[in-house]
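All chains are named by letter (A, B, ...) in the order of the sequence lines, taking the proteins before the strands, and each is independently numbered beginning at 1. Excluded from the calculations below are hydrogen atoms, water molecules and symmetry mates; all remaining heavy atoms, backbone and side chain alike, are included.
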Protein chains: 2
Amino acid sequence: MKNEVTAQEIANHPKVKGLRMTRQRTEVYRVLMGHRDHPTAGEVFERAKQNMPSISLATVYNCLEALVQHGAVRQVNFERESSRYCPNLSEHGHFHDETSGKIIDIPLKKGAALSDLLELPKGAQIDNLEITLRGRVLQSKAL
Amino acid sequence: MKNEVTAQEIANHPKVKGLRMTRQRTEVYRVLMGHRDHPTAGEVFERAKQNMPSISLATVYNCLEALVQHGAVRQVNFERESSRYCPNLSEHGHFHDETSGKIIDIPLKKGAALSDLLELPKGAQIDNLEITLRGRVLQSKAL
DNA sequence: AAATAGAATTAGAATTATTCTAATTAATTA
DNA sequence: TAATTAATTAGAATAATTCTAATTCTATTT
Ligand SMILES: [Mn+2]
Ligand SMILES: [Mn+2]
Ligand SMILES: [Zn+2]
Ligand SMILES: [Zn+2]
């Protein structure tokens with residue numbers, strides 16, 4: 001047997017409870033859960049086609065939107081680049097490493113509050129927070 | 001005399017020192033310094049045309065890019081919306097108030113460090129930080 | 001199991017913010 | 001001033017995303 005997650009397992013994931021999991025939505029969600037590397041819609045499309053050659057790009061966009069609306073997936077934007085998608089639902093920011101090209105998750109520190117860093121307006125109710133960082137991870141000098 | 005900032009004053013602003021300040025760049029920078037409300041390129045274009053009817057949208061984009069590259073202006077992105085431009089160079093995030101539609105600057109607290117909030121990767125050199133918030137400022141109950 | 005109704009999928013067209021191209025004009029330097 | 005380099009301009013091109021309308025699927029009801 002191939003060491004793969006079944007469609008059933010994906011479609012029954014607690015995070016998609018209450019969302020109608022069609023074959024296409026299941027496949028898109030599986031792609032995202034497979035590599036946690038923040039793919040673009042186009043990259044999700046390429047990967048999904050391997051398992052489901054008939055899927056269309058419009059459907060990938062539709063599925064991603066449904067998953068984001070449902071709260072099962074986060075949409076991540078770096079400046080004006082294509083949106084990327086992330087299945088990590090814990091509160092975190094994103095670091096784009098210019099050296100490797102990779103985007104990595106940056107967890108929020110346990111117990112830290114946003115108001116420790118920012119002068120939030122009185123009475124502000126925050127519905128959405130996005131923290132994005134760009135830079136490079138310095139090579140250590142050792143071989 | 002009209003209570004207006006002159007082109008000379010704008011073109012000699014310390015933040016644009018070293019950038020060739022053409023008439024168009026000066027006008028674009030004046031628009032941004034005029035209302036600190038984070039206009040889009042299209043909004044900058046509309047405002048600039050009042051003083052300089054011959055300016056083109058392509059030039060507004062070019063001028064904004066030159067100012068951003070020079071570090072005189074910040075480019076601000078909310079999700080996939082049009083880019084907005086901000087002449088406030090102090091470190092700050094942005095709050096989009098869904099009630100008023102306005103985008104307001106959120107200063108970083110004096111003495112607070114990013115690493116208080118985030119688990120930064122070892123050896124990461126941060127070149128750029130963007131913090132964007134979306135939500136609403138609750139109406140106070142008093143009249 | 002058929003019939004129905006509602007929702008999702010699809011291919012391709014449309015949209016739109018932004019970038020590009022190539023010609024013209026302006027600014028700087030010699 | 002002449003020469004050189006850079007910026008501006010109108011319009012075309014680009015590309016991510018959304019829309020449209022027809023088809024197919026899914027779930028529900030008979
Ligand atoms: Mn990159
Ligand atoms: Mn708004
Ligand atoms: Zn992530
Ligand atoms: Zn700002």
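Partners of B:Ser54 according to the side chain to side chain donor-acceptor pair (under 3.5 Å) rule, which considers only residues two or more places apart in sequence or in another chain, do not exist here.
In terms of position on DNA chain C, the residue among B:Thr40 and A:Met52 whose nearest nucleotide sits closer to the 5' end is A:Met52. Nearest-nucleotide assignment on DNA chain D puts the 5′-proximal partner with B:Thr59, out of A:Ala58 and B:Thr59.
Rounding to whole angstrom units, CD of residue B:Glu81 and P of C:dT16 are separated by 15 Å. Per the geometry, CG belonging to A:Leu57 stands 13 Å off C1' belonging to C:dT9, to the nearest Å. The separation between B:Phe78 atom CZ and C:dA17 atom P is 17 Å, rounded to whole Å. One can place CG of A:Asn62 at 7 Å from P of C:dT9, the figure rounded to the nearest angstrom. The separation between B:Glu43 atom CD and C:dA17 atom P is 11 Å, rounded to whole Å. When the P atom of C:dT9 is taken as reference, atom CD1 of A:Ile55 falls 8 Å away, rounded to whole Å. A:Phe45 places its CZ atom 14 Å from the P atom of C:dT9, with the value rounded to the nearest Å.
Remark: A:Gln125 CD is packed, more than 12 non-hydrogen atoms of other residues, nucleotides or ligands lying under 6.0 Å away. Residue B:Glu91 qualifies as open at atom CD: its count of foreign heavy atoms under 6.0 Å is 12 or below.
Note on B:Asp116 versus B:Lys109: no salt bridge recorded, every NZ/NE/NH1/NH2 to OD/OE distance being 4.0 Å or above. No salt bridge links A:Glu130 with B:Arg134; every basic N to acidic carboxylate O contact stays at or beyond 4.0 Å.
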Legend entry - Verdict with reasoning, A:Gln24 to A:Thr59, per side-chain hydrogen bond (donor to acceptor under 3.5 Å, both in side chains): CA-CA 8 Å; A:Gln24 290 84 353; A:Thr59 297; over 6 Å; no
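A ring-centre distance under 6.0 Å is found for B:His13 and B:Tyr29. Centroid-to-centroid, the aromatic rings of A:His94 and A:His92 come within less than 6.0 Å.
Within residues 21-36 of chain A, the residues having any heavy atom closer than 4.0 Å to DNA chain C are, in order of number, A:Thr22, A:Gln24, A:Arg25.
Of the possible donor and acceptor atoms, none in the side chain of B:Asn77 sits under 3.5 Å from a partner among the backbone N and O of B:Glu79.
Put simply, A:Ser54 has no side-chain N or O that comes within less than 4.0 Å of OP1 or OP2 on C:dT9.
Protein chain B contacts DNA chain D from D:dA6 to D:dT17, reading 5' to 3' and using non-hydrogen atoms of the protein with a distance under 4.0 Å.
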